[in-house]
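Before any comments, here is the structure.
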Amino acid sequence: MRIVELVFARLGTVRPVPEPVLNAAIAMFAEDVAIVRRDAVDLGVLVRTDDGASYRSVG
């Protein structure tokens, strides 16, 4: 998922990214933010934190 790679290259991968921040970053590259985010989770590129409020890059 190139979009997610670009987003995390800009935001960094050290700490989880809150969903609103991730959504805003994805929106710079794609119109359907939710599908990009869901596909990234389904493909194992992103994982949600235990509380479901943030995401981490796996790669």
Side-chain angles (χ1 to χ4, degrees):
M1 301 241 23
R2 184 71 180 136
I3 292 172
V4 174
E5 291 172 357
L6 289 170
V7 165
F8 276 89
R10 291 180 131 176
L11 297 176
T13 58
V14 176
R15 57 191 164 104
V17 175
E19 187 170 314
V21 174
L22 180 62
N23 288 346
I26 291 172
M28 291 191 288
F29 300 99
E31 188 173 321
D32 193 340
V33 171
I35 196 75
V36 171
R37 194 183 61 241
R38 284 187 211 126
D39 283 352
V41 170
D42 289 346
L43 292 170
V45 176
L46 291 179
V47 293
R48 290 185 84 164
T49 55
D50 290 338
D51 65 4
S54 299
Y55 293 81
R56 280 191 183 275
S57 173
V58 174

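Position 1 is the first residue of the sequence; numbering continues from there.
Using a 4.5 Å cut-off between side-chain heavy atoms of Ile, Leu, Val, Met, Phe, Trp and Tyr, Val14 forms no hydrophobic cluster with any other residue.
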All N/O donor-acceptor pairs, side-chain side in residues 39-47, below 3.5 Å, sequence neighbours left out:
none

Which donor-acceptor pairs under 3.5 Å do the side chains of residues 16-26 make with protein atoms, sequence neighbours left out?
{"from": "Glu19", "atom 1": "OE1", "to": "Arg48", "atom 2": "NH2", "distance (Å)": "3.3"}
{"from": "Glu19", "atom 1": "OE1", "to": "Tyr55", "atom 2": "OH", "distance (Å)": "3.3"}
{"from": "Asn23", "atom 1": "OD1", "to": "Arg37", "atom 2": "NH1", "distance (Å)": "2.6"}
{"from": "Asn23", "atom 1": "ND2", "to": "Glu19", "atom 2": "O", "distance (Å)": "3.4"}

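Within the structure, the side-chain hydrogen bond (donor to acceptor under 3.5 Å, both in side chains) test picks out no pair touching residues 9-18 (sequence neighbours left out).
In the hydrophobic cluster analysis, where Ile, Leu, Val, Met, Phe, Trp and Tyr join through side-chain heavy atoms closer than 4.5 angstrom, Met28 is grouped together with Ile3.
Residues passing the side-chain contact (heavy atoms from CB on, under 4.5 Å) test with Asp50: none are found, sequence neighbours excluded.
Pairing each heavy atom of Asp51 with each of Thr49, the nearest pair is OD1-OG1, 2.6 Å.
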